[in-house]
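So the structure is just underneath, and the comments pick up after that.
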Amino acid sequence: MSIVAFAEKNKAAAQIASILSEGNFERTTLEGVNVYEFKKDGKQWRIMGLSGHIMTYDYPQEYNNWKDVDPGVLIDTMPEQFITKQAFANAISRLAKDSDEIILACDYDREGENIGFEAKSIAEKVCNSPIKRARFSSLSTGEIKKAFQNPVEPDVNLANSAKARQILDLKMGVAFTRYITLSVQQKARTKGVLSIGPCQTPTCGFVYEREKAIKEFEPRDFWKIEAVFTHNDIDFQGTHRTGKFFDKQKADAVYNKISDCKTGQVTNKKVKETKSSPPYPLNTNEFLKRASKFLGLNSDRALEIAEQLYLSGFTSYPRTETNKYANDFDFQSRVAELTKKAHKELALEVFKNSEDGFNPRNGTKDAQDHPPIHPIKSANKGDINNAVNDSKGWDVYDLIVRHFLANLMQPAVFEKTRIEISVNDEIFDATGTVKKESGWIWVYPFEAKNDKILPEIEINEKLKINKITNTNSQTTPPKRLTESELLTLMDKNGIGTKATAPTHIETNKKRGYFETKGKSISILDTGFTLMDALDKSVPLIVKPEIRARVEQLIQDVEDGKKSLDGAINEGTALIKQMYSQLTSNKDEMVSQIAGTIYDESVAADSDNYIGKCSECSRVLRIVTTDNGRFVGCTGYPECKNTYPLPKKGALNIMKSRECKKGAPAVIKVGNKYHWAVGIGPCFKCDMENECFPPEIVGQCPNCDGYMFLIKTKDSRFLGCTNKCGYTQSVPKSGRLTILDDTCECGWNIVRVKEKEKEAKEFCVNRKCINKL
DNA sequence: GCAAGGTC
């Protein structure tokens with residue numbers, strides 16, 4: 001009797017083999033793929049891990065040429081399933097041929113069932129062995145043994161639901177992407193692909209909606225009446241209960257009524273103790289959000305770091321939906337491990353807190369895939385820096401460790417006080433918060449808050465009023481989305497999965513639809529115009545509903561309410577309907593998009609982009625020919641405007657410099673001089689001092705001139721604007737910036753940032769009073 | 001050249 005089982009991945013296969021064989025198994029390879037073998041109860045077992053999907057849907061070759069195939073035809077063409085990982089397919093065939101029974105043992109979810117069916121379809125071609133399914137929700141001993149003792153029938157509906165998703169996503173993505181890309185290419189010279197997809201487009205849609213809200217925002221005036229009260233030498237602020245007065249007259253009336261008041265009376269007081277529980281264990285989504293919020297990391301980079309931490313054994317597998325620990329999770333040894341290195345003090349505190357055992361604050365999601373992200377090995381900063389190729393490696397590790405420990409600690413306790421104060425019958429509110437017990441926040445400084453103190457005070461007591469103000473402000477527009485907020489929106493709307501959400505964000509960036517600046521995401525012209533054009537012609541595709549519609553269809557397949565063909569037909573009809581909306585609005589849409597694409601594609605070539613042509617306001621660029629180089633207009637041959645350039649020297653376009661004589665740009669030529677396009681060498685120009693003001697550091701100690709930074713080809717130093725002869729050295733290496741802050745001696749503080757090092761800020765004055 | 005979903 002020979003049993004063959006297919007798991008979703010190599011790691012799972014090894015784990016299953018280890019459990020079923022009680023550790024007595026051997027690893028062999030077949031077609032380069034690991035197979036785990038053992039004998040048990042007279043049966044020969046062989047377990048192989050797949051590599052996620054080993055097949056994909058795609059269109060047959062004759063549909064590959066974009067220009068020959070009308071994209072609309074793709075919607076009515078059924079894609080075919082191709083093997084993408086041939087070695088795995090070969091190994092499956094060879095194992096299946098030699099089997100009496102086959103067990104599918106992939107993850108128990110849609111994609112897992114689907115991956116199992118990929119193996120099933122290959123096996124069925126070479127053998128007639130019965131094919132069963134082992135269903136388990138975690139790789140724990142109990143679950144695995146039970147699942148393999150009672151295998152069930154494979155769930156064709158579950159597998160088909162994933163198939164429906166694959167086919168519909170492909171049809172829509174391919175048809176829309178080709179159509180938009182080709183139509184825009186007819187109008188604008190661009191090589192780039194303008195992609196559309198059922199996940200990437202709504203993702204961009206969120207960013208677009210926010211941008212629109214910002215653009216359409218009209219600030220409103222409002223007035224806020226605030227009072228500063230004093231009691232027992234403590235000043236605190238109260239706000240009129242109305243909050244924002246949008247009616248100036250009403251605000252003025254209230255203000256006039258109380259502006260001369262010298263006292264107020266406490267009319268109510270409430271003290272409430274509130275507990276703040278530790279955060280749930282980290283699943284991928286939560287991890288990415290926090291890495292963005294606390295560390296300013298974009299999700300792609302954060303996941304890459306987590307992956308490296310995982311591969312070097314410091315933390316657990318980073319892709320998980322689960323935010324709940326299994327009952328038998330071994331906290332004892334994990335926390336003990338952490339007492340060995342940098343987080344020793346924190347880990348010991350957790351031990352102190354856990355005399356009656358460890359009590360994690362568990363979440364509610366158990367996707368039964370992997371445990372929440374947690375530390376495996378303790379480390380010092382150096383260990384992480386050696387293992388992770390990213391300067392933020394340590395910060396990410398530290399976050400994971402602290403999150404893990406915080407989760408095991410007591411809630412933090414705050415005392416919140418709210419008092420109500422009457423000032424000539426107008427009610428003011430004041431609140432205070434005092435931390436009574438730090439609990440988990442002690443190990444989790446990311447969420448620490450400062451206390452807001454209110455004086456000890458009782459009802460009916462009188463308070464002195466220091467000041468009453470009536471301030472006019474304006475409502476502010478919504479803020480740009482952060483990556484963390486975008487991930488939340490995606491998660492809420494079912495866009496993408498734990499493993500793919502960051503990819504969708506990356507795709508949008510790669511296409512030039514939006515970018516991340518600091519923590520916030522800002523949309524680029526291409527993204528905005530594309531979304532705007534789509535929103536007008538095919539509104540559904542920009543909104544998360546598109547995903548929900550497909551999700552509903554495939555859920556019906558999973559539930560057996562619809563056949564695979566039925567769901568595909570319905571989905572195809574929906575795509576067709578959207579596609580006809582798209583094509584009927586073609587002209588307007590294309591001209592709208594083409595306008596921005598053209599400029600951006602030239603501008604993106606930043607080595608050559610110069611500025612606007614004064615003749616035709618198109619874009620100027622550097623043209624290099626066999627005979628030399630010059631600045632020419634991208635409108636050539638219609639516009640023949642040109643400017644000369646020096647023959648020698650590397651050219652560097654100084655975007656931060658503006659020519660006061662109106663030249664389109666200033667170019668740095670080698671290390672020697674600057675050249676304003678169309679005007680000539682800047683240092684022979686009478687406006688030199690205005691375009692290139694000296695970088696003053698401070699007063700010259702020798703005369704009444706100022707010390708300024710002089711940079712030459714191979715050195716830099718400070719010289720006097722009066723040329724009195726006094727000079728002084730500055731650090732030779734690192735990027736040097738003169739800050740606005742000044743030292744007590746009057747000189748500006750200088751910031752020096754060397755590669756791979758922390759920036760230093762200090763006073764460079766040799767004669768600084770602090771040094772004497 | 002195109003999607004989204006697995007995995008590494």
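Chain naming here is simple, since letters A, B, ... match the order of the sequence lines and numbering starts at 1 in each. Side chains are part of it too, since the values below use all heavy atoms of this structure and drop only hydrogens, waters and symmetry mates.
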Test: salt bridge (charged side-chain N to carboxylate O under 4.0 Å, His left out). Region: residues 569-582 of chain A. Which pairs qualify, not counting sequence neighbours?
D76(A)-K576(A), K562(A)-E570(A)

Which residue pairs satisfy the salt bridge (charged side-chain N to carboxylate O under 4.0 Å, His left out) criterion with at least one member in residues 171-186 of chain A, sequence neighbours excluded?
none

For Y317(A), what residues pass the ring pair (Phe, Tyr, Trp, His ring centres under 6.0 Å) criterion, not counting sequence neighbours?
Y310(A), H370(A)

Could you tell me which residues satisfy ring pair (Phe, Tyr, Trp, His ring centres under 6.0 Å) with Y36(A), sequence neighbours excluded, listed by chain and number?
F25(A)

Can you give one letter per nucleotide of nucleotides 1-8 of chain B, going 5' to 3': B for a protein heavy atom under 4.0 Å from the base, S for sugar-phosphate only, - for none?
BBBBBBBB

Only counting residues at least two apart or in another chain, list the ones meeting ring pair (Phe, Tyr, Trp, His ring centres under 6.0 Å) with Y59(A).
none

